[in-house]
Amino acid sequence: MKIIMLGAPGAGKGTQAKMIADKYQIPHISTGDIFRANIKNGTELGQKAKTYMDQGLLVPDELVVDLVVDRVKQDDCANGYVLDGFPRTIPQAESLDAALAKFEDTIDYAINVEVPDENIVRRMSGRRACVACGATYHIVHIPTKVEGICDRCGKELILRDDDKPETVQKRLGVYHEQTQPLIDYYTNKGCLVEVDGTKDMNEVFSDIVDILSK
Ligand code: ADP
Ligand code: ADP
Ligand code: ZN
């Protein structure tokens, strides 16, 4: 099963992608996590990406497309994968489709997690992330057992630099301009499905499982 998560920053794509990956035993590929790991390790890619991420802008297509296309060709992706945060532009989607078409392959589902902009800023200010394992929490909605410590791996949680309200506003603008057109793109391909992302995270997940089991 090859799945793409679509939705605004903070819609809950990462949260749902991890649950899907666990249930269906397929890799969760988050481009944001890949960039953050590169920043943490001080790689050249990380340094380049950081200048864009800090401003709430998208990293240029040429820095992300090959990375993802190479990743989905790896053996552990043979039974599928869930892409989280990619594609984010029409050229990225076209490059992915072209790469898959070489193997007569296509995306099965593009899941659009719908959350209105008003809810997003509130969600993001409460987001806490684990850079060690990629887990995400919310101080009110999805708290950890011990404040500030990852339930999964025990490392310290951070408030992401790009989750400040000004940067979130910027990212929402970028989303509407550059990423939202993908909803029409995947509707035209016949693989778009939508879920109401304002529900509780377990309800959202059960709606997704219903769709994937049909
Ligand atoms: P969120 O989950 O809040 O939407 P991500 O972790 O997916 O945020 O992405 C964080 C940042 O990383 C983005 O704002 C952008 O700068 C960069 N990024 C991640 N994926 C992509 C992509 N596919 N294309 C361009 N930039 C990306
Ligand atoms: P995205 O990957 O789309 O940027 P995340 O999965 O990181 O979004 O979720 C953004 C924030 O909202 C996180 O703090 C997360 O814990 C929280 N969150 C995720 N799903 C829900 C939900 N259904 N209800 C309330 N908060 C949620
Ligand atoms: Zn962790």
Side-chain angles (χ1 to χ4, degrees), residues 4-20 28-39 45-46 48-69 71 82-93 95-96 111-115 119-144 148-163 167-168 170-175 178-179 182 195-208:
I4 286 171
M5 303 304 296
L6 292 178
K13 301 181 296 295
T15 301
Q16 296 301 325
K18 287 183 197 89
M19 294 166 91
I20 295 169
H28 166 218
I29 303 170
S30 157
T31 44
D33 285 353
I34 293 171
F35 288 137
R36 281 184 290 278
N38 274 275
I39 291 172
L45 174 67
K48 283 187 191 156
K50 189 175 187 326
T51 59
Y52 298 95
M53 291 168 75
D54 284 349
Q55 298 176 66
L57 299 172
L58 293 184
V59 172
D61 291 340
E62 55 273 24
L63 290 183
V64 65
V65 167
D66 291 349
L67 187 128
V68 174
V69 166
R71 178 67 189 86
V82 45
L83 285 178
D84 165 17
F86 183 95
R88 258 185 160 94
T89 64
I90 297 278
Q92 288 181 17
S95 302
L96 176 65
I111 304 175
N112 182 31
V113 183
E114 278 187 294
V115 175
N119 302 22
I120 295 286
V121 181
R122 203 169 348 126
R123 262 197 198 183
M124 302 294 246
S125 59
R127 169 152 71 180
R128 294 294 179 274
C130 175
V131 187
C133 80
T136 308
Y137 304 91
H138 190 280
I139 51 175
V140 179
H141 305 300
I142 307 168
T144 45
I149 301 296
C150 180
D151 285 350
R152 238 165 60 177
C153 76
K155 296 269 163 56
E156 236 172 89
L157 302 179
I158 59 147
L159 171 61
R160 278 170 44 178
D161 287 343
D162 59 347
D163 280 351
T167 317
V168 170
K170 176 79 198 168
R171 288 162 64 202
L172 273 174
V174 168
Y175 165 76
Q178 293 183 268
T179 307
L182 292 177
V195 291
D196 176 357
T198 64
K199 293 184 187 174
D200 166 88
M201 78 168 188
N202 293 312
E203 287 177 63
V204 180
F205 184 58
S206 115
D207 290 348
I208 290 177

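Just follow the structure's listing: the first ligand is 1, and inside any ligand the first atom is 1.
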Checking side chain to side chain donor-acceptor pair (under 3.5 Å) for the pair D61/S95: CA distance, chi angles, key distance, verdict?
-> CA-CA 10 Å; D61 291 340; S95 302; over 6 Å; no

Contact partition for L57 relative to ligand 1, non-hydrogen atoms under 4.0 Å |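 Answer for L57: backbone.
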
Within the protein, residues bringing a heavy atom under 4.0 Å of ligand 2, chain by chain =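 Residues A8, P9, G10, A11, G12, K13, G14, T15, R123, R127, T136, Y137, H138, H141, I142, G197, K199, D200, M201 each place a heavy atom under 4.0 Å from ligand 2, listed by chain and number.
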
Indicate yes or no: does an N/O atom of F86 lie under 3.5 Å from an N/O atom of ligand 1?
->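 Such a contact does not occur with ligand 1.
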
Just distances here: any N/O of Q92 and N/O of ligand 1 closer than 3.5 Å?
->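 Indeed, backbone or side chain, Q92 has an N or O that close.
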
Salt bridge flag under 4.0 Å for residues R171 and D163 |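 Salt bridge flag = yes for D163 with R171.
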
Geometry at the Zn ion (ligand 3) - C153 SG versus C130 SG angle, rounded to 10 degrees |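 SG of C130 and SG of C153 make an angle of 100° at the Zn ion (ligand 3), to the nearest 10°.
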
Between SG of C150 and SG of C133, what angle is found at the Zn ion (ligand 3), rounded to 10 degrees?
->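 It rounds to 100°.
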
Which value, rounded to the nearest 0.5 Å, describes the distance between [X] atom [atom1] and [Y] atom [atom2]?
X    : Y    : atom1 : atom2 : answer
T136 : R160 : OG1   : CZ    : 7.5 Å
H138 : R123 : NE2   : CZ    : 7.5 Å
D84  : I29  : CG    : CD1   : 10.0 Å
Y52  : Q55  : OH    : CD    : 8.5 Å

Close-contact set for ligand 1 against [X] heavy atoms, below 4.0 Å:
X   : result
T31 : 19 (C), 20 (N), 21 (C), 23 (N)
R36 : 6 (O), 10 (C)
M53 : 11 (C), 12 (O), 16 (O), 17 (C)

Evaluate whether atom CD of E203 has more than 12 neighbouring non-hydrogen atoms of other residues, nucleotides or ligands under 6.0 angstrom away.
->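 More than 12 heavy atoms, drawn from other residues, nucleotides or ligands, come within 6.0 Å of this atom.
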
Distance-only donor-acceptor check, side chains T198 and N119, under 3.5 Å |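 No pair is found: no donor N or O on one side chain lies under 3.5 Å from an acceptor on the other.
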
Result of checking V64, I39, L67 against I34 for side chain to side chain contact (heavy atoms under 4.5 Å, CB included) =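 In the set V64, I39, L67, the residue that makes a side chain to side chain contact (heavy atoms under 4.5 Å, CB included) with I34 is L67.
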
Using the side chain to side chain contact (heavy atoms under 4.5 Å, CB included) rule, pick out the option among L6, D207, I4, I20 that qualifies with I111.
->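 In the set L6, D207, I4, I20, the residue that makes a side chain to side chain contact (heavy atoms under 4.5 Å, CB included) with I111 is I20.
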
